[in-house]
Amino acid sequence: MELLLAPSLLAADFANLQRDIELVNASDADWFHLDVMDGVFVPNISFGMPVIEAIARHATKPLDVHLMIVDPDRYIQTFADLGADVLTVHVEACTHLHRTLQAIRAAGMKAGVALNPHTPVSVLEDVLTELDLVCLMSVNPGFGGQKFIERTYEKTRALRSMMAAAGVRAHIEIDGGVNAANAATLHAAGADVLVAGSSTFNAEDPHAAIRAMKGMAVA
Ligand code: DX5
Ligand code: ZN
């Protein structure tokens, strides 16, 4: 599957958000990854609706919204109205995941489920046909700039085989600690969306960093 790169704006300069959004617009990146944190599901608070509304006014690529919040069902329609293309909820935050995924699709978005590092992929066995994306957290959610958890390679392969056995071709997204050194291995393991915060925005040349992670020739 074609490899998509989704820079996370969590690592952008919030005082120069429009500049960083335009950087992504003009780059070879494919999606915007937006991390919403509530200080309850994860220990950090990031940004919410007014900021996403402002981002949506400038972004020219799909918005991939990653909700790290408890009880995400409360806000499904809100994020649809804000222009989210993909809405990802955490399996650990959903009591009725099947219903939540159906509600996300019914609101016109792609339905995503994120798994914390400790959550086995087998938890998704009975909802594989209800989802469009699985986000494997390769760090514990809450902060950018953390070290990639190596176990993610094995998990990616296991999830891709589980999907293949069920005849499902959903996206597998990897989130946390992604860089040019692990991107190709993750793609080979079956991932097709890579989130990259620090390795995009802290790079000396973000355009080159994006191309390198996508396995494209760097000019
Ligand atoms: C972490 C977020 C990630 C984060 C990734 O909780 O879900 O999307 O921005 O940041 P890096 O790429 O710096 O690990
Ligand atoms: Zn994320």
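Counting convention: from 1, in listed order, for ligands and their atoms alike.
- Across all non-hydrogen atoms, the minimal contact from Ala114 to Thr88 is N-CG2, 3.6 Å.
- Distances between N or O atoms of Gly177 and those of ligand 1 include at least one value under 3.5 Å.
- Atom numbering of ligand 1 starts at 1 in the shown order; those under 4.0 Å from a heavy atom of Leu10 are 9 (O).
- Once rounded to the nearest 0.5 Å, the distance linking CG of Leu133 with CD of Glu173 reads 5.0 Å.
- Asp73 and Thr100 form a side-chain donor-acceptor contact under 3.5 Å, judged by distance and modelled atom types alone.
- No option in Val134, Val121, Ile174 other than Ile174 meets the side chain to side chain contact (heavy atoms under 4.5 Å, CB included) test with Thr156.
- Near Met137, meaning under 4.0 Å from any of its heavy atoms, are these atoms of ligand 1: 7 (O).
- Scanning the protein heavy atoms around atom 10 (O) of ligand 1, the nearest turns out to be Gly144 CA, 3.5 Å.
- Considering backbone and side-chain N/O atoms, Gly197 comes within less than 3.5 Å of an N/O atom of ligand 1.
- Here the closest non-hydrogen pair linking Ala107 and Ile76 is CB-CG2, 4.0 Å.
- Ion pair Lys61/Asp85 not flagged as a salt bridge, since none of the NZ, NE, NH1 or NH2 atoms sits closer than 4.0 Å to an Asp/Glu carboxylate oxygen.
- Coordination check, Cys135 versus the Zn ion (ligand 2): failed, since every N/O/S atom of the residue sits at 2.8 Å or beyond.
- Ionic pairing of Arg151 and Glu154 is not present here: no N-O contact between side-chain nitrogen and carboxylate oxygen is shorter than 4.0 angstrom.
- Proximity of Asp35 to ligand 1 is established by a heavy-atom distance of less than 4.0 Å.
- Some N or O of Gly145 is nearer than 3.5 Å to an N or O of ligand 1, by distance alone.
- The ligand atoms of ligand 1 that sit less than 4.0 angstrom from a heavy atom of His66 are 7 (O).
- In the vicinity of His33, heavy-atom distances shorter than 4.0 Å reach the ligand 1 atoms 8 (O).
- The protein heavy-atom contact nearest to atom 9 (O) of ligand 1 is Ser8 OG, 2.9 Å.
- Rounded to the nearest 10 degrees, the angle OD2 (Asp175) to the Zn ion (ligand 2) to ND1 (His66) equals 90°.
- The protein atom (non-hydrogen) at minimum distance from atom 3 (C) of ligand 1 is Asp175 OD1, 2.9 Å.
- His66 and Asp175 share a side-chain donor-acceptor pair at under 3.5 Å.
- Nearest heavy atoms, Asp192 versus Ala170: OD1-O, 4.5 Å.
- Those atoms of ligand 1 with a heavy atom of Val195 less than 4.0 angstrom away are 8 (O).
- Contact annotation: for Ala196 versus ligand 1, heavy atoms closer than 4.0 Å belong to the backbone alone.
- Residues Leu67 and Pro72 come closest through the heavy atom pair CD1-CB, 4.0 Å.
- Contact between Met213 and Leu194 at its shortest, heavy atoms only, is O-CD1, 4.3 Å.
- Between His171 and Trp31, the angle of the ring planes goes over 60°, which puts this pair in the perpendicular group of the 30/60° scheme.
- The closest approach between a heavy atom of Ala11 and any atom of ligand 1 is not below 4.0 Å.
- Here the closest non-hydrogen pair linking Ile45 and Asp38 is CG1-C, 3.9 Å.
- Residue Gly142 has at least one N or O atom closer than 3.5 Å to an N or O atom of ligand 1.
- For atom 1 (C) of ligand 1, the nearest protein heavy atom (residue, atom name, distance) is Phe143 O, 3.5 Å.
- Within ligand 1, the atoms closer than 4.0 Å to a non-hydrogen atom of Ser198 are 11 (P), 12 (O), 13 (O), numbered from 1 in the order shown.
- Interface of Met68 with ligand 1, defined as ligand atoms under 4.0 Å from a residue heavy atom, comprises 6 (O), 7 (O).
- Shown in contact with Met37 at under 4.0 Å from a heavy atom are these atoms of ligand 1, numbered in order with element: 6 (O).
- Nearest N/O/S atom of Asp35 relative to the Zn ion (ligand 2): this is OD1.
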